[in-house]
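Report on the structure given below.
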Protein chains: 2
Amino acid sequence: MDVDPAWLPAAAFRAVGARRTLVRGAGPLVDTVRAEVARACERFGGRVVPKGTPAGLVLELTGGAGGAGDEEAFACVREGGTTTVTAHGGRGLLYGLFHVVRLGEDAFRGEWEREEHRPTVALRMLDHWDNVAVHPVMGQVERGYAGGSLFWADGRARGDLERVRAYGRLLAACGINAVAVNNVNVHATEAHLLTDRIGEVAGIADALRPYGVRTHLSVSFAAPVVLGGLPTADPLDERVRAWWAAATARVYEAIPDFGGYVVKADSEGQPGPFAYGRTHADGANLLAAALAPHGGTVHWRAFVYDHRQDWRDRTTDRARAAYDHFVPLDGEFAPNAVLQVKHGPMDFQVREPVSPLIGAMPRTRLAVEVQATQEYTGQQRHVCWLGPMWSEVLRFRPDGEVPAGRLADGLVAVSNAGDDPFWTGHPLAQANLYTFGRLAWDPAADPLAVLDEWIALTHPGAPERLAAGLHAVLDGSWSTYEKYTAPLGVGFMVQPGHHYGPGVDGYEYSPWGTYHFADRDGVGVDRSAATGTGYAAQYAGPWAKVYESPDTCPDELLLFFHHVPYGHVLHSGKTMIQHIYDTHFEGVEEAEEARRVWAGLADLVEPARHARVAERFEEQLRSAREWRDQVNSYFLRKSGVPDERGRTIY
Amino acid sequence: MDVDPAWLPAAAFRAVGARRTLVRGAGPLVDTVRAEVARACERFGGRVVPKGTPAGLVLELTGGAGGAGDEEAFACVREGGTTTVTAHGGRGLLYGLFHVVRLGEDAFRGEWEREEHRPTVALRMLDHWDNVAVHPVMGQVERGYAGGSLFWADGRARGDLERVRAYGRLLAACGINAVAVNNVNVHATEAHLLTDRIGEVAGIADALRPYGVRTHLSVSFAAPVVLGGLPTADPLDERVRAWWAAATARVYEAIPDFGGYVVKADSEGQPGPFAYGRTHADGANLLAAALAPHGGTVHWRAFVYDHRQDWRDRTTDRARAAYDHFVPLDGEFAPNAVLQVKHGPMDFQVREPVSPLIGAMPRTRLAVEVQATQEYTGQQRHVCWLGPMWSEVLRFRPDGEVPAGRLADGLVAVSNAGDDPFWTGHPLAQANLYTFGRLAWDPAADPLAVLDEWIALTHPGAPERLAAGLHAVLDGSWSTYEKYTAPLGVGFMVQPGHHYGPGVDGYEYSPWGTYHFADRDGVGVDRSAATGTGYAAQYAGPWAKVYESPDTCPDELLLFFHHVPYGHVLHSGKTMIQHIYDTHFEGVEEAEEARRVWAGLADLVEPARHARVAERFEEQLRSAREWRDQVNSYFLRKSGVPDERGRTIY
């Protein structure tokens with residue numbers, strides 16, 4: 001089959017394509033804008049007109065000095081029957097065009113005042129966990145649920161990059177401006193992308209550049225040893241610094257607008273500065289120094305913890321690790337080093353508190369990382385729209401005042417896209433990719449408005465029944481998934497390894513620092529300062545207090561912060577155990593209802609797309625029932641407390 | 001390093017090699033005997049002498065008609081200063097030689113009466129679960145813990161079969177006379193061994209033949225479709241019958257003494273007669289008919305059960321499956337079809353009752369299958385000598401009278417050998433291979449005598465401290481392993497997939513039919529006739545009664561047959577929960593003691609061998625502690641009952 005157009009079907013350009021449009025300015029991104037408009041006009045009867053001709057739409061690159069953010073800003077006004085978009089930079093003009101596309105006919109109605117648009121977050125990035133050589137366990141794309149890699153196949157960069165260009169276009173249309181093209185776990189083959197195989201990366205960069213997307217590369221901290229033949233990768237060793245400087249200069253020869261490096265160091269077996277007795281600031285600054293002359297940035301992941309923990313040891317708390325490792329280093333990172341922090345303290349569970357590291361390092365540049373690929377949220381076999389989760393994170397105010405979305409220099413998502421014809425395996429998972437881009441542009445945006453925007457773009461002219469149906473299926477899907485999986489923030493009740501499906505004790509006696517401590521009396525992790533691991537005290541004043549006590553801790557995070565008896569009464573008025581039973585039954589019922597709604601849309605959705613989603617709903621329901629029954633049985637067997645409503649628990 | 005000589009070091013031939021020996025008779029196996037003696041004489045100063053010359057040892061192939069078993073029988077006498085071994089067949093003479101080797105100098109002392117030796121069990125076989133093409137999950141050898149395959153490498157039969165010849169020699173020395181050279185899970189590549197790749201099998205057969213070992217092949221029931229291009233593999237279809245007849249004739253052209261087929265059908269995804277609405281007798285008889293003209297045998301595995309069971313369904317009991325499937329077919333199998341039954345009803349757990357199928361099909365030929373490869377008994381990282389377990393099985397009297405070892409036409413072990421320099425990964429696991437062969441020859445043998453025989457052969461002239469140390473390390477090792485792993489016959493508390501290490505709930509919510517049903521009140525599976533699955537009633541009279549009640553059920557099988565509360569008092573006088581705690585602490589202590597004993601033998605054991613075992617003991621101890629702590633923690637958390645002795649449970 002052809003590749004799905006996702007949120008850029010031809011019909012989305014109807015309003016623009018029907019106009020006479022003047023595109024003013026020069027440069028590669030203006031060329032992209034002009035080509036987009038021309039293509040739309042070919043289909044819908046409009047024209048790209050020369051200067052001096054009356055036009056319904058003017059897209060104009062203006063001169064003038066601008067701030068750093070101005071390259072991406074644009075202004076929009078409608079007067080005298082003409083809609084005018086102006087921008088200082090090519091990217092701004094491109095984003096302005098897609099803004100007009102989103103508005104559709106509304107862009108050409110009435111008159112309106114000049115509006116300025118600019119992204120809140122400068123770097124809006126996708127990290128691809130794509131391997132060049134198929135990994136024996138993780139495959140072509142680590143935690144990938146959308147087929148093969150868009151970039152790599154048969155052990156090298158794809159020869160045909162048409163699909164990559166189409167990807168860049170989709171990303172531009174939702175505001176994403178950077179892509180890291182390989183897995184943060186840098187294996188032997190992938191290490192060479194930095195040096196002798198940089199040409200392959202340059203080809204990808206060429207394909208993404210016309211849509212304003214810069215290319216980044218994940219690199220191995222051990223590269224000077226592995227690739228350079230040096231005896232050390234010590235960040236303070238002069239030979240190492242010289243090696244990185246030279247290697248980086250060669251990268252920029254191949255890719256003049258190269259974005260920079262992404263590094264997973266001293267994490268889950270990846271090499272890092274600890275081996276040399278150096279700090280992570282030393283490590284990050286080494287790469288930052290190599291990148292600085294060229295304007296590049298190093299993204300240094302804060303995902304550092306002991307993954308060989310002894311489950312018997314209750315004093316070590318993985319949730320504390322990122323804060324404990326990095327807060328002491330605040331102020332020591334170079335200006336072009338960005339600390340990339342996962343949104344929660346653990347690892348992309350369906351429910352976690354916001355990482356206390358966010359806001360705790362005021363003198364360090366910060367990127368917040370979320371996971372669009374649904375590793376722990378149904379692996380694109382379950383519908384689970386993550387907009388509300390990400391929005392909660394971005395609106396969270398670590399100090400009670402400034403929201404996390406304003407504290408970040410960058411927002412990063414682990415991509416959920418692959419060479420699947422629908423891009424994301426589950427066609428509705430496209431909404432996650434789109435929503436991420438739009439929330440990165442404006443973290444204060446209402447995610448439901450973004451959802452409706454995605455629905456309207458993806459199904460231009462959709463009848464109300466379709467739009468309402470899609471909204472209904474997606475809107476509560478995260479909450480539904482949470483209900484039938486791990487309760488009350490406890491997390492990690494999954495099958496080890498592949499992380500799909502229930503395994504209540506799957507990580508309970510593991511070395512991964514992921515425990516729930518369920519016994520016959522209660523469940524949960526005491527992370528209070530008074531009697532637990534002290535994690536709650538890592539938060540700034542108000543939150544430390546809120547999380548410290550089960551009386552004030554929000555219900556949905558109760559078991560993340562506290563070990564409580566099964567009879568503990570939640571703020572909802574239910575006992576904890578009854579909440580577990582109820583949510584698990586409800587979650588399955590909600591998933592059944594979503595499937596029913598989807599089935600009712602069969603006449604309105606393209607058949608292949610409808611069938612793909614319908615087929616995934618079958619698996620979602622099977623899996624949801626498995627979750628419900630395993631979790632309920634587990635807790636009934638442990639607690640001995642019967643369900644108040646006498647439903648079947650095995 | 002060189003390959004370890006296992007139980008045939010040169011010194012084991014000292015007594016024979018120092019004599020003047022006359023070998024009388026002709027034929028390939030007599031040639032083997034002559035060559036063995038000659039090689040020993042070269043080293044130890046003896047001579048192979050011609051007829052008419054005085055000799056200390058006479059090995060003589062005698063004429064005369066014999067029964068079917070006579071080919072393998074031999075007689076032995078010592079008079080007038082000469083030890084004489086006579087046999088009707090070449091194999092008998094070979095086994096007689098190895099008998100003399102085992103006796104050592106005792107073979108040449110005093111005078112003794114004529115003794116007759118013949119195997120109790122005609123077919124003493126090893127099944128190799130070796131793949132030709134490396135399986136993406138299971139590797140070169142499925143459930144192999146001893147390196148690669150002895151037979152296959154790089155996708156084809158090994159070119160150099162020297163190692164295979166050495167293997168055949170070791171097998172002959174413990175009485176094994178048949179080997180199936182490929183995995184019972186027959187994958188795409190391996191299916192072709194039957195047809196276009198039979199030449200590779202013939203090469204292996206040539207290498208094994210001089211030691212009296214016949215070669216068998218695992219085949220796919222779907223071969224007529226997969227290889228023959230037929231539209232069906234229906235056993236009653238004439239085209240299918242003709243295809244098997246022709247294919248089998250070609251096998252015998254390549255391997256005139258080919259042993260026959262091994263078939264895993266309708267089991268864990270393998271194809272079988274159920275697809276055509278036929279019985280397993282129909283399936284087995286199809287292959288039996290193809291083999292009969294050539295004297296071959298089909299080994300038809302009885303390992304048939306529903307591996308897609310719903311864990312919620314408590315009415316289905318995997319333990320019942322083999323009996324339920326096969327007993328109704330008694331009398332329907334061809335004379336050259338052998339039903340190959342696992343020794344227990346589940347799958348090679350450290351403790352299972354003897355399969356009720358054994359003895360329940362008097363009109364069907366039976367082979368009992370045990371597992372030398374330590375899939376569930378420490379994977380050759382733990383020392384676990386299985387002699388006592390196998391002996392218990394073989395001495396078990398299903399009807400209260402005839403022991404299982406006498407009911408069997410064949411004993412089969414899944415091989416634990418590979419291309420590891422020590423053959424079996426753990427050097428002490430050699431004892432399992434040797435013990436299997438000797439118990440197959442004589443199921444009534446005292447396993448401890450066999451153990452001492454193995455020690456004496458492997459370490460000729462060993463000082464008493466070494467012999468006693470080895471005996472101490474191995475003797476109780478099965479009991480020790482049982483103590484620190486799954487208690488009281490409950491089984492399957494292992495990590496899913498690879499089956500190494502504890503996972504108390506690892507198979508609890510799985511489709512594999514492997515549950516323990518632990519809740520806050522108790523644990524175990526009610527398999528009684530009165531209130532449970534009825535499995536206990538599959539046994540003949542006396543055992544059905546014994547197993548039916550927890551009052552009479554042996555302690556070690558209590559949780560296999562009954563679900564009892566944690567406070568249930570065992571025959572030992574302990575509560576069930578205290579038994580769990582105590583055995584887990586004891587098991588680790590016993591493993592520590594074994595390690596200590598081994599360490600004390602460093603001066604007496606060849607350094608590489610000592611180091612290999614010492615290194616494995618480190619892992620065994622780590623793992624044993626993990627087992628102890630996970631199992632004890634699991635049951636403390638569930639039961640809430642503290643350890644009477646206040647030891648640390650996490």
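The chains referred to below are lettered A, B, ... by the order of the sequence lines, with proteins before strands, and numbering in each begins at 1. Bear in mind the structure is a predicted one, so any value in this text is a computation, not a measurement.
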Can you tell which part of Glu508(A) gets under 4.5 Å to a heavy atom of chain B, answering side chain, backbone, both or neither?
side chain

Nearest heavy atoms of Tyr509(A) and Arg637(B), plus distance in Å:
OH-NH1, 3.9 Å

For each of Ala518(B), Pro136(B), Gly503(B), tally heavy-atom pairs with chain A at distances under 4.5 Å, and name the one with the top tally.
Ala518(B)

Within-4.5 Å side-chain heavy-atom neighbours: Tyr650(B) and Asp313(A):
no

Kindly confirm or rule out a cation-pi arrangement of Lys638(B) over Phe635(A), judged by NZ or CZ under 6.0 Å from the six-membered ring centre and within 45° of its axis?
no

Report the option among Gly497(A), Gly506(A), Ser639(A) that has the most heavy-atom pairs separated by less than 4.5 Å from atoms of chain B.
Ser639(A)

What residue in Asp629(A), Asp310(A), Asp519(A) has the most heavy-atom pairs under 4.5 Å with chain B?
Asp629(A)

With only heavy atoms counted, which part of Asp505(A) is less than 4.5 Å from chain B, the side chain, the backbone, both or neither?
side chain

Contact between Trp311(B) and Gln630(A) at the side-chain level, heavy atoms closer than 4.5 Å - yes or no?
yes

Pick one of side chain, backbone, both or neither for Thr648(A), based on which atoms fall under 4.5 Å of a heavy atom in chain B.
neither

